[in-house]
Structures are given as structure tokens and as C-alpha cells.
Asker: 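Can you keep this structure in mind? I'll have questions shortly.
Naming convention: chains lettered A, B, ... in sequence-line order (proteins, then strands); numbering from 1 in each chain.
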Amino acid sequence: MELTVEEVQHLAKLCKLEVEDEAAERYAKQLSEVLEYVGKLREVEVDIESEAVASVTGLENVMREDELHGCTAEERERILDQFPLREDDLLKTRGVFGI
Amino acid sequence: MTDLTIEQLHGDLLAKKFSATEATNAHLEAIASRDSTIGAYLHVANEDALSTAARVDEAIARGDSLSAVAGVPIGVKDTILVSGAPCTAGSNILKPYVAAYDATVTKKLKSNDAVLMGKLNCDEFAMGSSTESSAFRATVNPWDQRTVPGGSSGGSAAAVASGLCVAALGSDTGGSIRQPAALCGVVGLKPTYGSVSRYGLMAMASSFDVIGPIARRVADVRTMFHAIRGKDAHDATSSDGIPVSRGAAGSAKLRIGVPEEYFGQGIDDDVAASVRDAIAVLEQRGHTIEEVSLPLSAYALAVYYVLMPCEASANLERYDGIRYGASVARSVPETALDGVYIATRTKGFGPEVQRRIMMGTYALSAGYADQYYKRALAVRQRIRREFEDVFTRVDVLITPTSPTPAWKFGEKTDDPMKMYLSDIFTVSANVAGIPALSLPCGFVERDGASLPVGLQLMGKWFDEETLLSLGEAYEQVTEWHKKKVSA
């Protein structure tokens, strides 16, 4: 499986990354090597639909009451304080279409 | 004071040979004088460490009982949150981040009055096997400063090996505790998946990640593991597990399996010989050695390099420059929302992280998910069943931890596949979710330096105790763990 530079550029866009063409060439080569290596999984005969299970330790769903777990004032301020853009206690973001 | 075990330190504190403050100061001085060379710490918590130590000294003066880790200087990998301390995971994208709360493991150590010394260097978001992908500094291997300490918990292993803390926490997704422990000549335990809470651990690959201890003795690793394990309401995948210990330390005769697949291509001859010598030692102790075969282990690394990037690419979506961490929103006023995401992530993530995000996005994309993601899940179940089957015949598996000793800086950084292959023996325990312990079993000569070799013991789900007992029994009849780094 060979990835092209164009495919890497498309992937980068999906990942919200900007990749220069020179780097894209490097990534294409490196990711192709990894894809070639993991391609050996095709040698194992499996029934994908029935065997593709995520847990290896027999996990089950865990439920709890839908109740509020608060935090201390200090924790709250520490969280608010890290907002890159803050207005009072509100998180500010840039506009989706304009600025 | 910087070469004691946890048990010795605990005893000396109770006997008032020295105070917790003196022990903490001795480690802070060691960090101040030696860490500019070693490069293990990203942040040293001088004040917090000393105030905890003072509290322990007051408890001792009052005659209060002390927990096993009270007053013990412990380092924490920088992927684990310590409230009020910076937590970067070795990434520029988290350079300004300060933890708002404690990870569950941190909380447990704090409530036991452990002295938290600071945050330890690692590969960026724990992605790497040499700690070279850290955005901030290189950590050297204390046995030969021309070589890497392993990774991703390279700072943890190097700090423990060079006496900059007594024990440390690491995290292990594909070998990140055991491989650096092996390369630095110390002991590392990757517990069963779910036996230690992941709450407050930076998520890399959530179905693989587990926190575990690194220390200079197996007994210390056990003490640390007992201090941090257990079910946690904040982590739905955590569990108390079913302890299936086989009884008294070292006395039980175990059936030990030697999987030939782990001694094959790619392993250095002298590394294999060291592990074979260790197997002979265990056989002389009366354990039964049995050759076993785990043919599907040959696919474990491929399973890992599909599933891990898939999970990582989803987990790392949260770093978008909006709520915390580095953000171009602070510096570039004319950027719209999408531009904030793109510029923040492009600047903030290093090449290995970008590679894995793209790899995961590719393997999860429409048309490829069945071919890669689902197929890897299915093969993972086959590998788990193969381990289940072998554990009906043997109690423990023994293998090398790493195919080679520590290598030189820069040797594998341009070739990701070469770097990935250094996890070849450790990764199957993460794929299957089983516990595994690495401990020193010899030294090999490389370019005029003597470098440590580690052996790996893998056990049944939640059967850490058998691994620890066997590891301790091996320590009792060998001297490898006593060899010290020259300061």
C-alpha cells in the first residue's frame, strides 16, 4: 500500500494539520512502510464481523446516577485560567466564518 | 541516602537515622548537581516536596504509623497529572498547561504521604521508544551518556537508575515502562490493563494505556503497585481484578514457558544469552522450564501499530487550542476558528505525533476501517486467546524485554519503523492486556561501555504477584540489580 503525497495532504487536512510538500513526501514514504508492515495482518484468517471486539479483559458497561460532581473553587479557577481567550468566566472562541 | 530501597528508607525514617526532610534534600541536591547531565526532570517541585517531607517528620515525631511510601521521594512521568504542577506530556502543545486536579494515582500517593519530587521527561505524548521525541530536552542513559534511556518513560527510568528519586511512575502502552527500565538497568512493572486507574493520565491509546512503577528493586515495585492499584469510579475500565497468586514468595515451583518466537530474528546474540542464563538460574531453583510456542505474537506489533494510532488520533483531537494549552488564538488575532485549530496543532505537535494522528485517521477512514481497524481488533482477540491457552500449561512466560541494549542518539529517529521494532517483545502484553515485569539480568559491552540487559516475565491477567515473587526470587540469587551507575 503506497500513499501518495496528495493522499497525505488530504489526510493532513482531515487531521487539522498543515504539512509542507517536502514533509508530505517524507510522511508518505514513512506511512507507506508502516502500512506495508501492518499489511501482514491479512495473513491471519479471521471473521471480522464476529471477532472484532475491543475489550481484552472482559469489560462491561458501567452505569452511575446522572448527578453533578462539582469541583473546588480553586480547581475551577485553575481551569478557567487556562482558557486561551477568556471573558470573565466565559470561554471565548474565534468566529467560525469571520474573526 | 540516594541509593536506598523503599523498605530501607522506611526503616531508617522510623529508626530516626535521618529525617524525611534530609532524605528529600539529598535527592533535591542530587537533582541540582546531576540532572543537568541526565536530563530526567522537566519540573522539580522543591517546595511541595519539602512541605510533604516536613509533614512526614511531624508524623514521625508524634509516633504516628507511617505508610510504606511515606517520606519516599518519588518522580512522576509528565503524562500524569499532579494538581498545580505543569503537565506537558513532553509536547509543545501543552507547554503552558498546569494540571487542575490530581490523577487518581497521584491522589493515592499523596494520601500516603509520598514525597512527589517533580515531573519526568518522556517522548511526546508517550509516543516513542527513546525519549528523543520530547519537545523539551534529551534524557541520557546514565550507563552511557552517548546512548538513549529508552522510552517513552525514559525520564522515569533514568531518574531511578541515577538516584534522582527512589521510585517513579511511568505509563506503558506498548512497552514504555519495561523497555526503558531494561535499558537503564532498573525494574519496571506494566500491570494488567485496568488494574490501575487511568484517570488523570494523558490518553494515548485508551485500550492499551496503563500506569505502573519503576524502581531499583522488585520489592519496591510491589510496594508502589500496591499503593496505586484498584478500582476507581473515575475510570470505568478499572478493576480490582481477581487475584490468583500462587502463594509464598520464591518457594512455589512454577511452570515457566519460554516462547521461542521471542528469541528469533533481530535480537542481539549476547542479549539472548543473558536471558538464557537467567532461565538456567531459574531452572536450578527448581522451576520447570518448558518450551512453548506463541506464533501469533509475530502479529502483535502490527496489531498495535493499527489500533494505537487509531485510538491516539481520536484522543488527540482534544488538543485544538480552544480550552487549554498552547494556542495561536493568544498570538494571532486575525485567525478564524478553523485556522486556530490548524495552526495550533501544526505548531504544537512534533513529527511522530503528527505521523500517528495521520496513520490513525487513515486506518479509521471509510473504506479502510474494515481492512485495518476491525481486522486488527479481530487478530488482537486471537492473540489474547493464544495467551489464555498457553497459560493453561505454564504459570509465567519469560522473554527478553528488548532485542538490544541502549542505542546511540539519532540512530533510529529518521526511520520510524526501525524505532517501532524496538517494542517487538513488550507490545504483546499490551495487546493481550496481561501484566509484565522487566528486571535486570546482565550486562553487555557496546563501544567500550557496559550496558544493562533486562528480562521480561509475563503472567496471567491480574496475577502480578506471581511475577513479583518470581522476580524477587531471581534477585535473591543474582547480583545484577546491585550494580550501580557511577555518579
Side-chain angles (χ1 to χ4, degrees), chain A residues 1 3 7-8 11-19 23 26-27 30-31 33-44 46-59 61-62 64 69 71-72 74-79 81-85 91-99, chain B residues 84 96-98 100-101 192-194 207 233 236-237 239 296 299 302-303 305-306 313 320-325 327 329-330 333-338 340-343 345-346 349 354-355 357-359 361-362 365 370 372 374-382 384 416-417 420 431-433 461:
Chain A
M1 190 73 211
L3 276 184
E7 283 171 311
V8 169
L11 271 178
K13 203 175 156 193
L14 293 175
C15 300
K16 303 283 182 203
L17 292 169
E18 204 166 63
V19 176
R26 201 166 51 240
Y27 284 136
Q30 292 167 336
L31 292 173
E33 277 170 23
V34 177
L35 286 172
E36 193 194 319
Y37 179 81
V38 302
K40 72 191 219 169
L41 290 177
R42 284 193 293 272
E43 295 164 13
V44 187
V46 287
D47 177 43
I48 287 174
E49 284 318 307
S50 69
E51 292 186 76
V53 178
S55 163
V56 287
T57 47
L59 294 171
N61 277 339
V62 177
R64 70 162 173 82
H69 292 212
C71 63
T72 65
E74 191 193 353
E75 282 170 342
R76 182 174 178 277
E77 187 48 41
R78 216 175 258 154
I79 292 165
D81 202 37
Q82 315 222 23
F83 290 170
L85 298 176
L91 171 70
K92 242 174 104 172
T93 69
R94 292 282 162 69
V96 174
F97 299 107
I99 295 164
Chain B
Y97 181 67
V98 175
Y101 63 97
T192 307
Y193 176 77
S207 77
T237 62
S239 155
L296 290 175
Y299 299 97
V303 166
Y305 273 98
V306 174
S313 68
D320 55 7
I322 301 301
R323 290 161 302 152
Y324 54 86
S327 174
R330 288 195 187 88
E334 64 277 12
T335 315
L337 189 64
D338 205 49
V340 172
Y341 296 152
I342 293 169
R345 289 165 64 83
T346 301
F349 289 138
Q354 296 199 14
R355 225 168 358 242
I357 291 173
M358 287 194 278
M359 175 72 195
T361 302
Y362 180 79
S365 58
D370 275 14
Y372 290 107
K374 285 190 175 174
R375 174 170 292 276
L377 282 181
V379 177
R380 182 182 198 180
Q381 293 301 328
R382 290 290 178 92
R384 178 185 60 83
M417 206 49 238
Y420 298 170
V431 168
W461 290 264

Asker: Would you mind telling me which of B/Arg384, B/Arg380, B/Arg375, B/Met417 has the largest number of heavy-atom pairs within less than 4.5 Å of chain A?
Answerer: B/Arg375

Asker: What part of A/Thr72 is in contact with chain B, defined as an atom under 4.5 angstrom from a non-hydrogen atom: side chain, backbone, both or neither?
Answerer: neither

Asker: If you count heavy-atom pairs within less than 4.5 Å of chain B, which of A/Arg26, A/Glu18, A/Arg78, A/Lys13 leads?
Answerer: A/Arg78

Asker: Between A/Val56 and chain B, which part of the residue has a heavy atom less than 4.5 Å away: side chain, backbone, both or neither?
Answerer: both

Asker: Can you tell me how far OH of B/Tyr362 sits from CG of A/Leu31, rounded to the nearest 0.5 angstrom?
Answerer: 9.5 Å

Asker: Checking heavy atoms, do the side chain of A/Val19, its backbone, both or neither come under 4.5 Å from chain B?
Answerer: side chain

Asker: Roughly how far apart are A/Cys15 SG and B/Gln354 CD, rounded to 0.5 Å?
Answerer: 9.0 Å

Asker: Could you pull out all residues at least two apart from B/Ser313 that satisfy side-chain contact (heavy atoms from CB on, under 4.5 Å)?
Answerer: B/Ile357, B/Thr361, B/Leu364

Asker: Ignoring hydrogens, what is the shortest heavy-atom contact between A/Val38 and B/Ala302? Give both atom names and the distance.
Answerer: CG1-O, 3.6 Å

Asker: For residues A/Leu85 and B/Ala329, report the shortest heavy-atom separation together with the two atoms involved.
Answerer: CD2-O, 3.6 Å

Asker: Between B/Met359 and A/Val34, does the side chain to side chain contact (heavy atoms under 4.5 Å, CB included) criterion hold? Intermediate values first, please.
Answerer: CA-CA 9 Å; B/Met359 175 72 195; A/Val34 177; 3.9 Å; yes

Asker: Side chain, backbone, both or neither: which part of B/Ala376 has a non-hydrogen atom closer than 4.5 Å to chain A?
Answerer: both

Asker: Side chain, backbone, both or neither: which part of A/Leu59 has an atom under 4.5 Å from a heavy atom of chain B?
Answerer: side chain

Asker: Relative to chain A, which segment of B/Val303 carries a heavy atom at a distance below 4.5 Å: side chain, backbone, both, or neither?
Answerer: both

Asker: Would you name the heavy atoms of B/Lys374 and A/Glu49 that are closest together and state the gap between them?
Answerer: NZ-OE2, 4.1 Å

Asker: I'd like to check the ring-ring contact (aromatic ring centres under 6.0 Å, His included) partners of B/Tyr305; sequence neighbours left out, ordered by chain and number.
Answerer: B/Tyr420

Asker: Do you know the tightest heavy-atom contact between A/Pro84 and B/Gly325?
Answerer: CG-O, 4.4 Å

Asker: Between B/Val98, B/Asp320, B/Thr237, who has the most heavy-atom pairs with chain A when the cutoff is under 4.5 Å?
Answerer: B/Val98

Asker: Please state whether the side chain, the backbone, both or neither of A/Phe83 comes within less than 4.5 Å of a heavy atom of chain B.
Answerer: both

Asker: Which answer fits A/Leu91, side chain, backbone, both or neither, if we ask what part of it has an atom under 4.5 Å from a heavy atom of chain B?
Answerer: side chain

Asker: Heavy-atom pairs under 4.5 Å with chain B - which of A/Glu43, A/Arg64, A/Glu74 has more of them than the others?
Answerer: A/Glu43

